[in-house]
Amino acid sequence: MAERRYDPHQIEPKWQKAWVDGRDFEVDPNSTKPKFYSLEMFVYPSGNIHMGHVRNYALVDAVARYRRMRGFNVLHPVGWDAFGLPAENAAIKHNTHPEVWTRQCIANMKRQLLKLGFSLDWSREFATCDVDYYRWNQWFFIKMFERGLAYRKKSTLNWCPMCETTLANEQVVGGWCWRHEDTLVESRDLEQWFLKITDYADELNAYLDKLTGFPDRTLLMQRNWIGKSEGANIDFPVENSSNRISVFTTRIDTIFGATYMVLAPEHRIVDELVSGQPEERQVKEFREKTRQEDKAERASDPQEKEGVFTGRYALNPFSGERMPIWIGNFVVMEYGTGAVMSVPAHDQRDFEFALKYRLPVRLVIQNRDHSLALDGMREAFIEDGILVESGEFSGQPSSAARASMTAKAERGGFGKSAIQFRIKDWGISRQRYWGTPIPMIHCERCGVVPVPEKDLPVILPRVERFTGTGGSPLSTVPEFINVNCPRCDGMARRDSDTMDTFVDSSWYFFRYCDPRNSDRPFEPKSIDYWFPIDLYIGGIEHAILHLIYSRFWTKMMRDLDVVKVNEPIANLFHLGMVLKDGAVMSKSKGNIVDPDDIVSDFGADTARMFILFLAPPEKELDWDDAAVAGMFKFLQKVFRLVAQNTGWMKDFSATPDEALLSAPAKSLRRKMHQTIKRVSDDLEHRLHFNVSIAAMMELHNEMSAVEAKDLEDPGTRAVFKESCETLIRMISVFAPHIAEEMWELNGHSNRLTRAAWPEYNELLAAEEEIEIPIQINGKVRGRILVAADVSEAEMRERALGDTKVKSWVGDKTVVKFIVVPKRLVNIVVR
RNA sequence: GCGGGGGUGGCGGAAUCGGCAGACGCAUGAGACUUAAAAUCUCAAGCCCCAAAAGGGCGUGAGGGUUCAAGUCCCUUCCCCCGCACCA
């Protein structure tokens with residue numbers, strides 16, 4: 001009989017069709033099994049799957065398939081984050097429509113994903129540009145508006161001249177646009193819609209402690225981003241004025257050392273302070289200068305600290321001291337109150353500023369041994385210490401002083417404890433076409449009026465020509481813009497902006513639970529069943545953007561009584577990037593590895609196995625063209641081993657009887673159980689499939705060492721078949737097509753998608769004999785082979801009996817004799 | 001500057017709890033098969049020294065320490081990557 005060769009191009013389409021026809025990856029709605037929700041981060045339909053996607057899907061798919069085999073009801077859905085700028089830009093460039101372009105991209109990427117054989121539930125697929133999806137964005141928006149969580153304000157916003165739209169703070173990376181790494185973000189004053197994420201800042205921060213399934217660095221990045229700091233707001237009266245200037249400080253304990261005050265140049269009070277002062281002109285010139293610099297190059301390096309005196313004084317409410325009021329380029333209006341009290345002795349920045357402008361320095365915090373002195377002080381002492389020269393508070397430690405001084409300010413009505421957050425409200429208006437229309441109507445008589453729920457959805461109208469210039473494209477569609485006010489029926493205008501696409505991705509994973517619901521975003525019961533997400537995998541680049549927005553959205557939905565969930569994600573994992581020649585793959589570098597090519601050269605199974613094998617998942621992976629063939633060869637060898645033996649295996653039904661097995665058969669069986677343990681552990685916890693695949697290679701190596709004559713023994717046959725079918729089932733979560741084919745060759749009529757994961761037996765995995773290294777003074781000098789249940793006394797005896805050990809010990813004195821049970825012996829001699 | 005992660009053969013990496021460093025693979029070398037090549041199979045291989053062998057020494061960025069024993073723990077230091085950065 002001619003032996004079957006491994007031909008992925010023949011077997012992969014066959015099994016992909018079988019899975020689809022059998023609806024193998026669709027969820028059973030009446031299941032009593034435990035649930036498992038596995039998910040890759042939402043994909044933007046750019047047109048092609050890239051290697052990063054392959055890595056992500058291969059990883060999650062292995063876990064999803066494993067969980068199915070372990071008896072879980074697995075949800076592994078797929079969809080498209082389909083709104084956004086690139087579609088619009090492509091429309092401009094190729095003279096097409098964003099929708100046409102997007103649907104084409106989706107179709108191609110779907111084709112690619114199907115070819116890779118991922119176990120996705122396509123029956124739940126949707127795109128965020130589907131009206132049936134984005135109508136719920138609008139519904140949520142109105143609910144938020146009704147609760148004051150969506151509001152409108154004029155403010156200075158980040159504006160990307162390339163995108164021609166505003167950006168949220170999260171989308172500005174070090175002053176540059178997150179999409180255009182070479183484009184500096186400008187500022188513009190615009191009326192915009194904001195979502196009040198700051199209402200949830202404290203909760204978002206507090207819950208970080210409960211997210212035990214999140215990587216530490218992600219928690220840290222979120223904590224930094226939220227930027228909670230506790231302190232106090234203190235009012236400083238202005239001399240010869242009824243005005244007070246409020247400052248936020250975390251170091252009220254240093255307030256007796258405050259010798260001057262610095263305001264942000266754009267602080268509201270500045271005009272009034274300097275009006276009529278001799279300093280008026282220099283202050284205004286300085287303000288203008290900083291504004292110019294702001295626009296130019298705020299991003300790159302923090303400039304030299306500069307400031308000018310306003311000519312006015314504030315009074316320190318604790319010491320009564322006169323403090324000159326300055327304005328400075330390092331004080332920003334966006335944080336705190338836009339004004340700071342300066343304590344040069346105990347803040348490095350204030351110290352430098354004071355030195356530069358010869359402002360007084362006053363030491364009010366002493367270190368433990370009271371050795372600080374102003375003379376020769378080279379830098380500020382910023383640690384906590386003991387208060388000195390601080391009136392009634394002298395002698396108190398910093399932490400106690402913070403409490404007692406805040407209490408005094410509160411009693412005196414000139415301050416109170418305060419918590420300051422760095423996170424800002426989320427600006428979601430975008431002056432672009434390809435997004436969710438904001439369901440609001442502007443009426444001259446009634447003001448801003450939400451579109452009534454019965455009139456939802458507000459459908460995105462067809463715009464035919466895209467120029468990429470001139471503000472919101474929707475404002476050019478009169479039949480869309482002009483509308484009667486729902487309240488007074490007078491002439492009114494629709495909001496012409498669309499929503500940030502991070503709105504779409506903030507709750508898409510809830511919609512997957514009930515994707516066809518037309519009465520509500522989803523049935524709450526479906527959320528109760530599926531949430532939280534058991535495994536969520538994607539790149540680190542979303543550690544703050546998407547992952548904070550969706551946490552906020554979840555809490556918002558909870559407060560709308562739509563869900564009971566506090567946190568959407570139980571376990572999060574960040575995957576390393578896929579590189580080529582040490583660099584990110586990009587068209588301009590010409591170093592793109594196309595998944596389609598790898599699939600047509602080697603097949604999907606090789607592509608998936610290889611990308612998992614090459615590096616541990618959290619690390620960067622440098623694609624190696626030469627090494628891919630090695631993985632193909634491995635699969636080929638496994639296939640050949642099965643094909644060569646399937647003749648007898650498919651009719652052979654005996655299971656091994658441990659008592660009757662030969663030593664080599666027992667050894668192979670032991671290896672098999674050890675491999676099950678290693679692979680299962682990785683699928684369960686670590687996701688280090690590079691090691692799992694190595695373990696399966698080891699098992700294969702032992703199996704292929706079994707010779708034809710060994711197989712004459714029925715016990716060996718039984719073990720060989722058992723190992724073979726165990727290996728096939730384990731491989732099936734990584735390389736599912738070849739596994740199905742081998743399973744079928746071996747006479748099985750069920751598909752592996754419905755088969756059970758092999759069970760690990762600890763007794764059978766245990767070694768009978770173990771090799772114990774014998775060390776003399778910590779160096780291995782001999783080895784002994786002993787029974788696995790060896791006693792300590794026996795280990796000691798056998799170690800001393802070893803001839804090599806004897807010669808090393810010689811007539812030296814044994815000073816110490818360490819026996820680590822079942823592991824090693826170390827003899828210390830002198 | 002602050003915070004986090006990392007540095008192991010020619011390469012990717014393994015070593016999950018302080019107990020044999022280098023699993024598994026790639027590349028390499030030698031051999032078998034072949035007229036030849038490819039494919040396949042077998043074997044070798046961390047580095048260095050002692051002519052070779054037997055054997056020994058050295059080895060996880062560097063230096064120190066704890067320990068019978070350190071890639072793993074502690075201290076110092078260098079380098080690389082990532083995040084935040086006038087945050088009051």
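Quick note on labels: first sequence line is chain A, next is B, and so on, each numbered from 1.
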Distance check needed: [N] [atom2] versus [X] [atom1], whole Å only.
X	N	atom1	atom2	value
A:F236	B:rA88	CZ	P	16 Å
A:D681	B:rA15	CG	C1'	15 Å
A:H542	B:rG83	NE2	P	14 Å
A:K305	B:rA85	NZ	P	15 Å
A:E620	B:rG12	CD	P	12 Å
A:I772	B:rC20	CD1	P	11 Å
A:N826	B:rG19	CG	P	13 Å
A:E771	B:rG19	CD	P	18 Å

Closest nucleotide among [options] to the [X] side chain:
X	options	result
A:F613	B:rG19, B:rC26, B:rG25	B:rG25
A:A694	B:rA88, B:rC24, B:rG13	B:rC24
A:N701	B:rC86, B:rG25, B:rA88	B:rG25
A:A626	B:rC26, B:rG19, B:rC58	B:rC26
A:I818	B:rC41, B:rG13, B:rG19	B:rG19
A:R686	B:rC20, B:rC58, B:rA15	B:rA15
A:M221	B:rG83, B:rC68, B:rC87	B:rG83
A:P616	B:rG19, B:rC86, B:rA14	B:rA14
A:R422	B:rC26, B:rC24, B:rA85	B:rA85
A:R640	B:rU40, B:rA88, B:rC20	B:rU40

Nearest-Å distance once atom [atom1] is located in both [N] and [M]:
N	M	atom1	result
B:rG61	B:rG5	C1'	16 Å
B:rG65	B:rG7	P	23 Å
B:rC17	B:rC11	C1'	31 Å
B:rA70	B:rG18	C1'	7 Å
B:rC87	B:rA14	P	39 Å
B:rG55	B:rU77	P	44 Å
B:rA27	B:rG9	C1'	12 Å
B:rC78	B:rA30	C1'	41 Å

Item to complete: List the steps and the verdict of side chain to side chain donor-acceptor pair (under 3.5 Å) for A:T726 and A:Y760.
Response: CA-CA 10 Å; A:T726 297; A:Y760 153 70; over 6 Å; no
Worksheet item: In terms of ring plane angle, is the pair A:F353 and A:Y357 parallel, tilted or perpendicular, where the classes change at 30° and 60°?
Response: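 Tilted.
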Fill in: Nucleotide-resolved protein contact map, nucleotides 2-7 of chain B, B/S/- at heavy-atom distance under 4.0 Å
-SS---
Worksheet item: side chain to side chain donor-acceptor pair (under 3.5 Å) between A:Q222 and A:R551: does it pass, once the steps are laid out?
Response: CA-CA 11 Å; A:Q222 293 214 356; A:R551 291 183 61 221; 2.7 Å; yes
Identify whether any heavy atom of [X] sits under 4.0 Å from a base atom; if not, whether one sits that close to sugar-phosphate; answer base, sugar-phosphate or nothing.
X	answer
A:R223	nothing
A:G630	sugar-phosphate
A:L614	sugar-phosphate
A:W623	nothing
A:K633	sugar-phosphate
A:V820	base
A:R349	base
A:K822	nothing
A:K779	sugar-phosphate

Discussion item. Determine whether the aromatic ring centres of residues A:Y6 and A:F632 are separated by less than 6.0 angstrom.
Written reply: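 Ring-ring flag for A:F632/A:Y6: true, centres closer than 6.0 Å.
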Worksheet item: So, for A:F734 and A:F689, is the gap between ring centers shorter than 6.0 Å?
Response: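 For A:F734 and A:F689, the ring centres are under 6.0 Å apart.
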Worksheet item: For A:D209, does the CG atom have more than 12 heavy-atom neighbours from other residues, nucleotides or ligands under 6.0 Å away?
Response: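 It does: A:D209 CG has more than 12 such atoms within range.
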Discussion item. Is it the case that atom CD in A:E797 sees more than 12 heavy atoms from other parts of the structure closer than 6.0 Å?
Written reply: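 Incorrect, the count does not exceed 12.
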Discussion item. Looking at B:rA14, I'd like to know if its phosphate oxygens (OP1 or OP2) sit under 4.0 Å from a side-chain N or O belonging to A:N690.
Written reply: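 It does, given that an N or O in the side chain of A:N690 lies less than 4.0 Å from OP1 or OP2 of B:rA14.
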Worksheet entry | A:R678 side chain near B:rC24 phosphate (N/O to OP1/OP2, under 4.0 Å) |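 Negative; the distance criterion is not met.
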Worksheet item: Does B:rC17 fall in syn (glycosidic angle within 90° of 0) or anti?
Response: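 Chi for B:rC17 falls in the syn range.
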Worksheet item: So, is B:rG29 syn or anti if syn means the angle is within 90° of 0?
Response: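 Anti, since the glycosidic angle lies more than 90° from 0.
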Item to complete: Scan for salt bridge (Lys or Arg N to Asp or Glu O under 4.0 Å) pairs involving residues 670-686 of chain A, sequence neighbours excluded, and state none if there are none.
Response: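 Matches after skipping sequence neighbours: A:R67-A:E684, A:R670-A:E767, A:R670-A:E768, A:K671-A:E698, A:K677-A:D681, A:R678-A:E698, A:D682-A:R686.
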Practice prompt. State whether A:D802 and A:R781 are salt-bridged, where the test is any N-O pair (Lys NZ or Arg NE/NH1/NH2 against Asp/Glu carboxylate O) under 4.0 Å.
Written response: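 No.
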Worksheet item: Salt bridge between A:D384 and A:R402, side-chain N to carboxylate O under 4.0 Å?
Response: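 Salt bridge: yes.
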Paired nucleotide for [N] [Watson-Crick or G-U wobble; both distances under 3.5 Å]:
N	value
B:rG19	B:rC68
B:rG3	B:rC82
B:rU42	B:rA30

Worksheet entry | Residue met sooner reading RNA chain B from 5', once A:E698 and A:A627 are mapped to nucleotides |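 Residue closer to the 5' terminus by nearest nucleotide: A:E698.
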Discussion item. Go nucleotide by nucleotide along RNA chain B from the 5' end; which of A:M341 and A:R783 gets its closest nucleotide reached first?
Written reply: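 Nearest nucleotide further toward 5': that of A:R783.
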Item to complete: Using side chain to side chain contact (heavy atoms under 4.5 Å, CB included) as the criterion, point out the one residue from A:L359, A:T310, A:V331 that pairs with A:W326.
Response: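 The single option meeting the side chain to side chain contact (heavy atoms under 4.5 Å, CB included) with A:W326 is A:L359.
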Fill in: From CA spacing to verdict: side chain to side chain donor-acceptor pair (under 3.5 Å), A:E383, A:H346
CA-CA 8 Å; A:E383 289 158 46; A:H346 304 293; over 6 Å; no
